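Predicted model only: the values in this text are computed from it and were never measured. Values below: all heavy atoms of this structure, side chains included; hydrogens, waters and symmetry mates excluded.
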Amino acid sequence: MNCLTKIRLIGVGAVIAAAISCACLAQPVMTPAQALSYVRASDLHLSPDGAKLAYVVGSYRWDAKPHVRILDVATGAERELTPPGASDRSPQWSPDGATLGFLSSRGGKTQVYLVPAGGGDPVALTDRKFGVERFHWAPDGRQIAYLAKVDDAPVEDDGPQVADRAGDLSRLWIIDLASKATKMVGAAGWRIGDFQWRDSARIIVAQTDKPRVEENTDALYSLSLSTGETTLAATPPQPFDSLLVSPDATQLGVRSNLSNGPLERDLLLRPLEGGQFRNVSSPPDLQIAELRWRAPNAIWVSVIDGFFNRIVKLTPGEAPERIDLPLSVDSFDVAPNGDLAFVGEDFDHLPEIYLKSSGGVRQLSHLQQGWDGVQLASTTIFRTRSFDGTQIESALMKPAATPAGAKLPLVLLVHGGPSSHFSAGYGWQTAWAQLLAAHGYAVLMVNPRGSDGYSEALLEANRGDWGGGDYKDLMTVLDAVIAGGGIDPARLGVGGWSYGGEMTAWAITQTHRFKAAVAGAPVFDQQAEFETEHNPAGDEWYFGTPWEHPEVFARNSPATYIRHASTPTLILDGEDDANNPVGQSKGLYRALKHFGVETQMVLYPGEGHSPRRGSYNIDMFQRILDWYDRHLKAPEHPGA
């Protein structure tokens, strides 16, 4: 528990509170290693009887490799399944709860492993040459379906790499647990995105027969395991994910979008035998983040409501029931008796797993070690009317102890996405903010138009307009915070990752107000990025294609306006970034050098869009802190 939380909970006299505050201030200032030492829990799965909880944990302490653990709900006793250096994920209980299946890399390539619920060593079920991508238990528990390449597929790291080879596509396999007999099902030449068992004889598959088309073309097909026949079952609006079959196998569900983009946000249901999809999302006009269908007549969903995720129970014919919880929810699951296990957090509480039952809410996990005495910064969530009257929600984080009358340097952080959001909790973005706050900075986190957590209309408000209304939202909120006092307008920084890196690159071409910038994995030239990125379907929704709408791509590119930049800029990226390919970082770096702007670029080998190695992340955080300190804590500001 951090010192700030202790003061709030104890609530004793001023003398004792002051003594505790002094003790907090005596603690060492947060380091990059400390800021990144948190543990996150996700993918919660209660056993069918609700007695055990399987879940995934990740931490930069072990290079963000996911681990699988089993927790006894009654006693809190835990069992770590993942050996050092391995990566485990996707835990799933067998229908009878006797066995836990999960994916593990402990033997090399990722395979399906099974472990008895009562104890014992995990045993590999599969032995695929290229590993297994995902799996699901059959309803009767006798079979498992999984997705994997054929063993004679072309080797990726050997010889010429031909694009869009049919042999690179993964296939669907069925393994009988008793005999270990394995067979491949379904036709070749399809790209499979997801699948779920309809019953023990049929599987619903999300797939497309146009694997070379880099657009959203998936539909749902029913696959008969006895005949191999595949028939079209449904064509949900695009894009869609989270394929579900109701527990009584009468309904089909997906998370989709009736506006056909930019992301999946609504729960759509239809009878399994046919009919139209209907939107059953509630509360209306909020994005669904995660859902659990644990009873035929009840679906539990988490919805993004501004900075907080909330749980709502949906029952046909009844008003939505909001579950009252004290913290924002990340992952969750529901037991047959209605007990709710969830990862809870906010700006004052690091993530932990809790159980809500008829007896109240109690903490199950103790994930965070080494945080005693660490003081988290105070954070205020507020709303501001933007340039056109739109309400924009933001959070302002300030150092725990600020001298009276001091004017703080401020860093404006921009989240990734753009269809993402800052949330009340502790993750990588908030760790960046907390580190800066611990070193004397105010940090402003804005959810501009285009963020989720708002209405559908506001989510779509930056279509074809990255750097337009969203940039004005950021600057309007920044101006409002400065007008409120306590901020030095001469010492402003900006930064972010992915879309946040792109908006950083955009901001330095639009204004000279920022004296330091950190652009992580940015987009510099929209057309070049579209032509080289992995999966451009999302960008096509926003901009079309650059060959048909070159003016839209140019208008939304920082490259178009880079000659106006003057802000010292630190650029960070993974060398193997496929989302915003590393050429974007190199282009920004080269342009800034050309125009004489102070800049530094640091690339991390073997890393993708979000570097995972702990030492690299610590290095990034140290460089970020040093860059802002160098440019925002100049000698003419001795009180900084």
**Student:** If you define the side chain from C-beta out and look only at heavy atoms, does anything of F514 sit under 4.5 Å from L492?
**Tutor:** yes
**Student:** Any pair with a residue in residues 562-590 that passes ring-ring contact (aromatic ring centres under 6.0 Å, His included), sequence neighbours left out, goes on the list, sorted by first then second residue, please.
**Tutor:** none
**Student:** Which salt bridge (Lys or Arg N to Asp or Glu O under 4.0 Å) pairs, counting each pair once, include a residue from residues 589-610, with sequence neighbours left out?
**Tutor:** E598-R630
**Student:** Can E345 and R40 be counted as an ion pair, charged N to O under 4.0 angstrom?
**Tutor:** yes
**Student:** Less than 4.0 Å between a side-chain N and a carboxylate O, is that true for D63 and R612?
**Tutor:** no
**Student:** Which residue is it: W547, W466, F543? I am looking for the one with a ring pair (Phe, Tyr, Trp, His ring centres under 6.0 Å) to F553.
**Tutor:** F543
**Student:** Are side-chain heavy atoms of I618 and Y60 found at a separation under 4.5 Å?
**Tutor:** no
**Student:** Angle class for the Y499/H415 ring planes (parallel below 30°, perpendicular above 60°, tilted otherwise)?
**Tutor:** tilted
**Student:** Taking D285 first and then R265, would you say they form a salt bridge - that is, a charged N and a carboxylate O separated by under 4.0 Å?
**Tutor:** yes
**Student:** How long is the span from the NZ atom in K65 to the CZ atom in R613, to the nearest 0.5 Å?
**Tutor:** 9.0 Å
**Student:** Could you check if a side-chain atom of N462 sits within less than 4.5 angstrom of a side-chain atom of Y542, using non-hydrogen atoms only?
**Tutor:** yes
**Student:** Are side-chain heavy atoms of P237 and N257 found at a separation under 4.5 Å?
**Tutor:** no
**Student:** Testing D465, D470, D388 for salt bridge (charged side-chain N to carboxylate O under 4.0 Å, His left out) with R449, which one passes?
**Tutor:** D388
**Student:** Would you say that Q429 contacts M445 through its side chain, given a criterion of any heavy-atom pair below 4.5 Å between the two side chains?
**Tutor:** no
**Student:** Give me the ring orientation class for W432 and F621: parallel if the planes are under 30° apart, tilted from 30 to 60°, perpendicular past 60°.
**Tutor:** tilted
